[in-house]
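Everything below concerns the one structure shown next.
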Amino acid sequence: MPFIPHTEDDEREMLAVIGAPSIEALFDEIPANLRVQSLEGLPSGLSELEVMQLMAARARADGRPLCFIGAGAYEHHIPAAVWSTITRGEFYSAYTPYQAEASQGTLQSIYEYQSMMARLTGMQVSNASLYDGATAVAEACLMAVRANRRSQAARILLPRSLHPHYRAVTLAMTLNQDLTFDTLPYVRDAGHMSVDSLAVHDGQDITALVIQQPNFFGVFEEVDALTDWAHARGALVIAVVNPISLALLKPPGEWGAKGADIVVGEGQPLGCPLSSGGPYFGFMTTRMQHVRQMPGRIVGATVDADGRPGFSLTLQAREQHIRRAKATSNICTNQGLLMMAGTLYLALMGAEGLERVAAASMARTAELVAALTAIPHVRRAFARPGFHEAVVTLERPVAPVLAALAQRGIQGGLDLADYYPELGAALLVCATETKTSADIDAYASALSEALRSARAA
Amino acid sequence: MPFIPHTEDDEREMLAVIGAPSIEALFDEIPANLRVQSLEGLPSGLSELEVMQLMAARARADGRPLCFIGAGAYEHHIPAAVWSTITRGEFYSAYTPYQAEASQGTLQSIYEYQSMMARLTGMQVSNASLYDGATAVAEACLMAVRANRRSQAARILLPRSLHPHYRAVTLAMTLNQDLTFDTLPYVRDAGHMSVDSLAVHDGQDITALVIQQPNFFGVFEEVDALTDWAHARGALVIAVVNPISLALLKPPGEWGAKGADIVVGEGQPLGCPLSSGGPYFGFMTTRMQHVRQMPGRIVGATVDADGRPGFSLTLQAREQHIRRAKATSNICTNQGLLMMAGTLYLALMGAEGLERVAAASMARTAELVAALTAIPHVRRAFARPGFHEAVVTLERPVAPVLAALAQRGIQGGLDLADYYPELGAALLVCATETKTSADIDAYASALSEALRSARAA
Amino acid sequence: MSLALREKLIFDYSRPGRGARGQWPPVPAGAAPEGIPAGLERRTRPQLPEVSELDTVRHYTRLSQLNFSIDTHFYPLGSCTMKYNPRACNAAALLPEFAGRHPLAPVTHGQGFLACMYELQEMLKAVTGMRGVALSPLAGAHGEFAGVAMIRAYHRARGDLARDEIIVPQAAHGTNPATATMCGCVAREVAVGADGDVDLEALRAVVGAKTAGIMLTNPSTLGVFERRIEEVARIVHQAGGLLYYDGANLNAILGKVRPGDMGFDAIHMNLHKTFATPHGGGGPGAGAVGVSARLLPFLPVPIVERGAEQPLYRWLGERELPQSIGRLTGFGGNAGVLLRAYVYMRMLGREGMRRVGEYATLNANYLSARLQQVGFEAAYPQRRASHEFILTLKRAEQDYGVTAMDVAKRLLDLGFHAPTTYFPLLISECLLIEPTETESKQTLDAFVAAMAQILREAQEDPEQLHGAPHRLPVRRLDDVRAARELNLIYQEAGG
Amino acid sequence: MSLALREKLIFDYSRPGRGARGQWPPVPAGAAPEGIPAGLERRTRPQLPEVSELDTVRHYTRLSQLNFSIDTHFYPLGSCTMKYNPRACNAAALLPEFAGRHPLAPVTHGQGFLACMYELQEMLKAVTGMRGVALSPLAGAHGEFAGVAMIRAYHRARGDLARDEIIVPQAAHGTNPATATMCGCVAREVAVGADGDVDLEALRAVVGAKTAGIMLTNPSTLGVFERRIEEVARIVHQAGGLLYYDGANLNAILGKVRPGDMGFDAIHMNLHKTFATPHGGGGPGAGAVGVSARLLPFLPVPIVERGAEQPLYRWLGERELPQSIGRLTGFGGNAGVLLRAYVYMRMLGREGMRRVGEYATLNANYLSARLQQVGFEAAYPQRRASHEFILTLKRAEQDYGVTAMDVAKRLLDLGFHAPTTYFPLLISECLLIEPTETESKQTLDAFVAAMAQILREAQEDPEQLHGAPHRLPVRRLDDVRAARELNLIYQEAGG
Ligand SMILES: Cc1ncc(COP(=O)(O)O)c(C=O)c1O
Ligand SMILES: Cc1ncc(COP(=O)(O)O)c(C=O)c1O
């Protein structure tokens, strides 16, 4: 009802033109026995007023707790100009820019995005986004199998310090494709992979090595040595990176002697709200030599019939709508609007702003870890330095402690019990530039209190 | 700092072109003794992140109480499309449309607004907004003095049932202009003016009579008889109306035999958030014969050099930038963006939607009054029916009762003690379509509780 | 034109040292990156634009004006369901509590959000007739992946290991065969008859012991309802295969007929089509999947469950659903998109849902009739249009050398977004036209007038059409050059 | 152009019975307007548009694209300070708690809001050097009214009843004399010397026992700083008059010199200029007033006070300020605008505030120098520009018949909003150019290039200029016809 403009006159005139007695008659090709009799289970319609009241009440119920969870999704400041611009109808309500002449706004924005992401990661080409960071890893593995012509094994080495959800998604999305995944351990008290431990794979046909930097624990990996190790064995290197960290960290294009081959990651930190998990965007960049193996849309600069510069989708022969069963991926709709958010975010921050966000986040996390480990029996799990996350261990199970913190409006981090039981009572915490010293103090004193009463109980 | 794009290179090059050694030198015409030494009292700058955190905390402190206050500002549902459209940069960040060719968007919107307001009020012309409802009444009084050439007295009759703030503003804004205001009483137990009571003014030279419909108490005035009374005595009629109510109520253009002459009011109910009092917009419509006495901007349809239709500001010879000391008003910047909100609101609602908003508000107020007067010793102050406000009286002073309600997150209405002490412990309450039966029940039970504990204390 | 019609690149605004400094966070004391081990630091700053906030806002505002969109133009893009995206949905999804909620936040801090998700699952079940729904797939193709993966898991669970063929009709969307491949299957095409329905003989010939399933849209991409769908279901089921429903065309039948009732075992819905979430110039979408009872155990995780005690709503994961095909997304799905769809469905309600299908169908049949009146040829004139229909310009191409592309580009000149061109591949010189239910008769009439003008121009001045568009920021773009001289990222002049 | 360049009226979309029904509230049982006494009901529905939500969004989105604005174009409109309007300010002001707060809500439900207002008052005092500030005036002219009304109240309170003359310089903005009239005063003009400063002899001649005060901007509307401002103050004060500062040009001197220190007694600030709140196509504004000690008792109500106990902040009204000129607004002022200005000021801070004046002045002087280099004539070439400056096209007019209006309209063609034309009236064929501090050197250089092109065209092809604009949605509009054949509201065809 609410969004249908037809008046009774319209309906009558339209049916007359069609030559149908009723709207119902337009469905006469549908077998009568299949026709829906009633739509039980659907409530009746609400006005915008009612639905907004409902949503406001539900939002209030969720509240706005103080969040120290990271684990792949990070609370960063989002400039107000980002969403006020990208929710402009012309961006928000446009389709994929197949009609290039009527979509130069979107196309040029994608070209700018591709340029920024290539520069940030130190690579030569970028696509126009994938679904999210996790699926981007899966796509990168499939791409590596296509791109690494020297390797027959379709064998990928996945670190155990890779985000466990990325691992899970990669397995689920490649399940029927005959890939082999070997898991690389992390050094128990340092939290990162050691090149030495790779020795067991020497002599194997390895298609690709995945390296996450910083890894799931927030810890820095030895990317140069790992990259060189892989390249020396004919394997491609898939870098999984946090885009904010790249303001401070060596870009994957410069890892080792030759640089990583495929770079992917979660774009969420660049201007996308946490929003219970999405929409975010996955990014992927690579070297020019692999561009035809890359999944997803790509925009190219070209000229129009009068020789004026313009932009259009290019290399579409990789994509499902042209190549069908032989496409590089089945992806069609991607995460365009979020990619736009990332583009505006990067433009507004610039390299220096991004550097400050990264530095502030690192500093806040250091401050947080210091405050937490000042509490008796709270310790850092790993000696090696990291970015804006860290694992701390408690003397007792994490879950009830987190529940106690939640009661006080504090989300104290991610319980690693299910993911890394070998770490004991381990908690992954994160602080970004959005956290103040007062926030950190509030967390530390709530934690200390929660542990005290747990001990007392 | 944050919004200044100059690089050091820019600054150097620009100073070289100017031929000045420093920016400081550009201020060398300002006497040295006047130069500011320090800006004590100003805090240092905040990043957007910090300021948004500050504002979010302040907003949280204010909360979102359940509001039953009306008294000239009303909580109505605002369609999401209104503000997402008018905050588009092209509307939000444009100036007054003096360069017509570069402002057709704003100009055409104003023309559409003028058309809608004329139709809603039953008049022939409208301006493009005044500051707010209160100043619109003041401007209408001044306009009436100019427009009523038969009257020499500059005497205006103001009902005591007019919004007391409108009265105060009218007095303050006309203070130095030699107008005389006589006050018209309201019938003590009915809450509206009676034509009989006007008899004392028979024979006077009266310039204009102001009628507010519904009046400050929410009560309906006998607009036909009052209008005819005024017109019979050569006085103009200034109608002060709630635009939402006009969906149900006879428009001022049809009051009495000849209709009101000038119509003004507060535009806030049409798509403007309550926002602690503004920005809102005042509206004013009138008959064509008075258009040259109307203050404020007016847009007209015309054609361009090729004969194509277009819009431009017209009758500017009434305005200060042309007429200077002889202008109809000093108003320059008006409330354009809010007028746009009103335009979108009226377009989205249409006559039928507006009718439903009005009917729902009336019904909710009736429900509210019934619920409150079911409480012992709570009574309606006035017998005569009204729109979406009503005065109820309590057995004891209102202020502490309201304070008790506020503690429970309920804003129970406006205490009339300061405005109409003669009414005793009187409270002006309002409910619009935004209030549910549950809200009303919550209010009624909180009030009953508050009164009970007040009695107990 | 001096309203923005040309806009330089953001990099052209950049000057060393410029920046939107208000966006830079205060850096707390000691924030220097000393923690970074030697050799891991970045040595040269990435060359991101150095621009002011005003530059950025102005640049992207001007760029936006170069786009066509639903909010500015009629957009009858077949198969894409470009309907009005209600602004309230966006406002609700961006409420600070929803926008700020971490995906791994405890469910106690998310009962409001989870209630919406649970009810969305329930509503989608009701409207599709499926037994279970998972919301996590991130777009239609991702939902297809989930669906075919579940079909494979089903066969595998039964020890039926040879089934690795997915049947797709000739006219299927490219994602269907591409999905089959991603699931390790072989895509086998089945022919469509002259009336647009699947050729049942051909279908019988192709099914067999290797058949994992068939992927169908209904109405099909030909814009007609597959009338013998029950027979199709019988043939495939009898051969041991399952039926997958590509929900891209669900708008056509919303409230009228349900995939579950037609015999489908798995289905994805494009919430960004049928349920009006915005397409955002390419995404995001949300491709929730629904399943029949036999596939219930295989749904991807996570799923929202409603329990009996507080907290009422909670996530089910791998542990609770051990046969699940697993996790397909980093977190729980495109929650913000799901919230928008939820709000939209609540506003429509039972009555509104039914009207979507009705008026989408009315609009398509009206537009088809009117366009035929003014001289266009429908691909299936003897059939009812569903929510969309196909015109073929075969004749115009033969008579005047005017192609579907020419017509599409000329429509842009006349202020309408072009229909889908050259899809489905089955029909030569085709335009696939989907008006959607949110457009008025007056808009459709204006479109007919433009199309009639183009047909006149095709006869009188075909050059005009070959050269179109004439009035857009750019004329026809050289795609060949774009692919040959790959220019995919900005390089500083001389750099 | 088929990007929206022509748009019909909203009424043209209207069809009886259509409507954006999702916006219609549910009407509770018994909501029929029985409560309305006979004779008071509306008999015929107002003929508002009957349109869908999509129609409305699309129509106004398309209309918006016909505008120039800060977010799309350089807008060097002298006297108007069209600087970047930060989006954060809007976001903060529209936070649901602020947007939803009733103006008569108890102060206990508004301590957050009132804290902002109190601090805004304090910051405005600090930046202007005044002793008290009231935030309620709704725009600059409204602030002027408050200021002159306070001046009158001051004289009246002293029994000095004859003072009813307000002196304004020749070049004053129209609101100054119009305000004088609204306050029951006579506006008397005082001449300006050839150097742009007030003619002190003329001033001495005009002041006297009837002088209520003088209204000045400094820098003046001529774009130059009134150098002998202390002498002006002395002359007026000695004659018993007070000084009013029109704050429209405050941007020029922000952080450099303060009206209070120059001797002004009353001042308004245009927060929608200096403090970057948006102009919204005509408003809203906010015209906060500041006063010296002598005018403190007369400030308009309400004002926010900070006390010692909870609730910390409260309103002061007529009761607490019995000498106040009273209430000038229905409620406490344009609170939403004030919040935007507050956020802006907090972001600038002490350092940023000073830079506003500095870079606004740098930009104006640079642009003036460059335009003179390419052949334009400055009205006051021997003076420093303030934040704005005047070009006179007298010579171009004489030589080529090209007017300031021609140049203005041609600039629109070239993608720049025109400067202010024909104001101040003192300078013939003038352009008043104010670039503001938020524009970059590169934008100014592009503007210079456009101006240089126009000067060439003036010599080579003046017709081109008379006919401008050529590339906008409309060509030059017939203002005479607009005023003669008044068409102020839409009439149905034949109606
Ligand atoms: C028929 C059909 N199937 C599948 C898809 C794929 O959906 P998505 O783009 O959401 O991945 C589309 C969308 O283009 C489609 O039209
Ligand atoms: C010099 C000057 N004084 C006063 C005003 C009036 O300000 P406002 O438009 O806010 O009423 C203006 C604004 O145009 C101005 O430029």
Side-chain angles (χ1 to χ4, degrees), chain B residues 1 5 10 14 41-42 44-45 48 55 58-59 61-62 89-90 92-94 96 101-102 104-106 115 118-120 131-132 134 168 172 176 273 275-279 300-302 304-305 310 312 314 320-321 324-325 327 330 332-337 347-348 351 353 359-360 363 385 433, chain D residues 19-20 24-25 31 35 45-46 48 56 63-64 66-71 88 92 95 97 99 101-103 112 126 138-139 141 174 177-179 183-184 187 225 278 280-285 326-327 330-332 334-336 349-350 352 358 365-366 440-441 472 474-475 477 482 487 489-490:
Chain B
M1 280 279 280
D10 290 338
M14 293 170 83
L42 287 177
S44 42
E48 185 179 304
M55 296 304 280
R58 295 224 164 133
D62 292 356
E90 299 93 321
Y92 186 76
S93 75
T96 302
E101 298 83 357
Q104 288 294 301
T106 294
S115 305
R119 289 168 175 215
L120 190 61
Y131 297 134
D132 69 0
N176 293 299
S275 190
S276 288
T302 183
D304 75 358
S312 67
T314 194
Q320 47 72 30
H321 63 286
R324 302 179 67 84
N330 72 342
C332 178
T333 292
N334 59 22
Q335 302 282 125
L337 198 67
L348 285 168
E433 86 283 7
Chain D
W24 297 358
R45 278 195 175 157
L48 298 176
T56 309
L63 275 188
S64 78
L66 304 184
N67 271 2
F68 279 34
S69 67
I70 282 292
D71 279 8
L95 286 171
E97 293 87 348
R101 185 175 177 277
H102 194 283
L138 300 173
T179 297
C183 291
F225 190 84
R327 169 180 281 284
F331 301 103
N334 276 341
R350 194 166 42 238
E358 289 177 350
N365 281 280
Y366 173 71
S440 70
K441 175 174 180 295
L472 263 69
V474 289
R475 306 242 346 255
L477 289 162
N487 173 349
I489 64 171
Y490 172 73

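Proteins get letters first, then strands, A, B, ... in listed order; numbering begins at 1 in each.
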Would you mind checking which part of B:T314 comes under 4.5 Å of any heavy atom in chain D, side chain (CB onward), backbone (N, CA, C, O), both or neither? side chain
Checking B:A301 against chain D: side chain, backbone, both or neither under 4.5 Å from a heavy atom? both
Under a 4.5 Å cutoff for heavy-atom pairs, which residue among [options] has the most contacts with chain B?
options: D:G281, D:C183, D:G332; value: D:G281
options: D:P46, D:G285, D:G283; value: D:G283
options: D:A20, D:G112, D:G282; value: D:G282
options: D:A178, D:G184, D:A126; value: D:A178
options: D:G349, D:S440, D:G326, D:A187; value: D:G349
options: D:A88, D:G336, D:A92, D:A99; value: D:A99

Mind ranking [options] by heavy-atom pairs under 4.5 Å with chain D and telling me who comes out on top?
options: B:E101, B:M55, B:H321; answer: B:E101
options: B:P279, B:A172, B:A61, B:G41; answer: B:P279
options: B:S312, B:G300, B:G353; answer: B:G353
options: B:G89, B:A134, B:A168; answer: B:G89
options: B:C332, B:A118, B:P273, B:S44; answer: B:S44
options: B:A351, B:G310, B:P385; answer: B:A351

Say you draw a straight line from [atom1] of [X] to [atom2] of [Y]; how long is it, rounded to the nearest 0.5 Å?
X: D:I489; Y: B:R119; atom1: CD1; atom2: CZ; result: 7.0 Å
X: B:S276; Y: D:N334; atom1: OG; atom2: CG; result: 11.5 Å
X: B:E433; Y: D:W24; atom1: CD; atom2: CH2; result: 14.5 Å

Looking at every non-hydrogen atom in both residues, tell me the closest pair between B:G277 and D:F331 and how far apart they are. CA-CB, 3.8 Å
Could you tell me whether a side-chain N or O of [X] sits under 3.5 Å from a main-chain N or O of [Y], the two making a donor and an acceptor?
X: B:D10; Y: D:K441; answer: no
X: B:D304; Y: D:R475; answer: yes
X: D:T56; Y: B:L348; answer: no
X: B:D62; Y: D:E97; answer: no

Would you say that B:Q335 contacts D:L138 through its side chain, given a criterion of any heavy-atom pair below 4.5 Å between the two side chains? yes
When D:N67, D:L477, D:L63 are each screened for side-chain contact (heavy atoms from CB on, under 4.5 Å) with B:Q104, the one that passes is D:L477
